[in-house]
Amino acid sequence: MSPDERKQLWQQRIESYRSSGESSIKAWCKQNQVGHQSIYKWMKRLELETTETSRTSPQWLTVEVSHPLDEKNSPLIVNIGEFSIEVKEGFNPLLFNEVVQVLKTHVK
């Protein structure tokens with residue numbers, strides 16, 4: 001198995017655990033015959049990789065304006081998958097970035 005295939009396998013396993021509704025990683029691992037220490041290791045590895053990638057290489061998103069804004073203080077609506085984020089004047093950019101990163105990771 002190539003490193004990319006192994007990484008994809010673990011991404012699928014982690015996503016399967018997260019979408020299972022099981023609150024205990026150990027219980028899910030036992031049911032699915034997956035080593036719980038391995039899933040912890042891969043969760044950490046993939047999280048670090050995602051964090052490093054987002055820090056080192058900027059990613060651009062396409063912005064589509066569905067209708068022009070008439071008012072100066074109208075909010076900006078950002079759509080990521082089925083989620084929408086309303087950004088108003090004076091927003092916290094760090095919090096906004098964290099929310100976008102979480103949505104990008106979990107929305108397909």
Side-chain angles (χ1 to χ4, degrees):
M1 181 179 290
S2 74
D4 286 339
E5 290 171 330
R6 183 172 285 114
K7 177 181 171 183
Q8 185 176 15
L9 173 66
W10 279 101
Q11 286 173 325
Q12 290 170 348
R13 286 177 174 168
I14 292 166
E15 184 58 37
S16 178
Y17 159 69
R18 288 181 174 153
S19 64
S20 72
E22 176 65 59
S23 61
S24 166
I25 290 178
K26 287 184 180 182
W28 184 89
C29 288
K30 185 174 181 179
Q31 292 168 359
N32 292 276
Q33 298 176 344
V34 174
H36 68 276
Q37 291 178 340
S38 295
I39 200 167
Y40 285 123
K41 179 184 80 172
W42 274 96
M43 287 173 122
K44 185 175 181 178
R45 178 184 289 180
L46 294 171
E47 182 180 332
L48 286 172
E49 188 176 291
T50 301
T51 302
E52 288 172 3
T53 301
S54 66
R55 286 183 190 161
T56 59
S57 60
Q59 296 179 1
W60 296 92
L61 301 173
T62 303
V63 176
E64 295 179 26
V65 179
S66 58
H67 53 73
L69 299 175
D70 294 330
E71 300 177 29
K72 270 187 172 180
N73 295 327
S74 294
L76 169 68
I77 307 293
V78 178
N79 295 307
I80 301 174
E82 63 186 78
F83 298 95
S84 295
I85 303 171
E86 186 173 314
V87 182
K88 295 183 179 181
E89 188 175 346
F91 72 97
N92 179 334
L94 294 175
L95 176 60
F96 177 76
N97 184 47
E98 288 178 19
V99 171
V100 168
Q101 293 305 316
V102 168
L103 291 175
K104 283 173 45 180
T105 302
H106 297 289
V107 175
K108 305 227 178 199

All N/O donor-acceptor pairs, side-chain side in residues 34-46, below 3.5 Å, sequence neighbours left out:
none

- Going from CZ on F91 to CD on E86, what distance comes out if it is rounded to the nearest 0.5 angstrom? 12.5 Å
- Hydrophobic clusters join Ile, Leu, Val, Met, Phe, Trp and Tyr when side-chain heavy atoms are under 4.5 Å apart, directly or via other members; which others share one with L94? none
- To the nearest 0.5 Å, atom NZ of K7 lies from atom CG of L9 at 13.0 Å
- Going only through I, L, V, M, F, W and Y residues with side-chain contacts under 4.5 Å, is there a path from W10 to M1? no
- At their closest point, which heavy atom of Y17 faces which heavy atom of E22, and how far apart are they? CE1-O, 3.4 Å
- Message: Run the salt bridge (charged side-chain N to carboxylate O under 4.0 Å, His left out) test against E5 and tell me which residues pass, sequence neighbours left out.
- Response: none
- Query: Which heavy atom in A27 sits nearest to a heavy atom in S24, and how many Å separate them?
  - Reply: N-OG, 3.1 Å
- Query: CD of E15 to OG of S20: how many Å apart, nearest 0.5 Å?
  - Reply: 10.0 Å
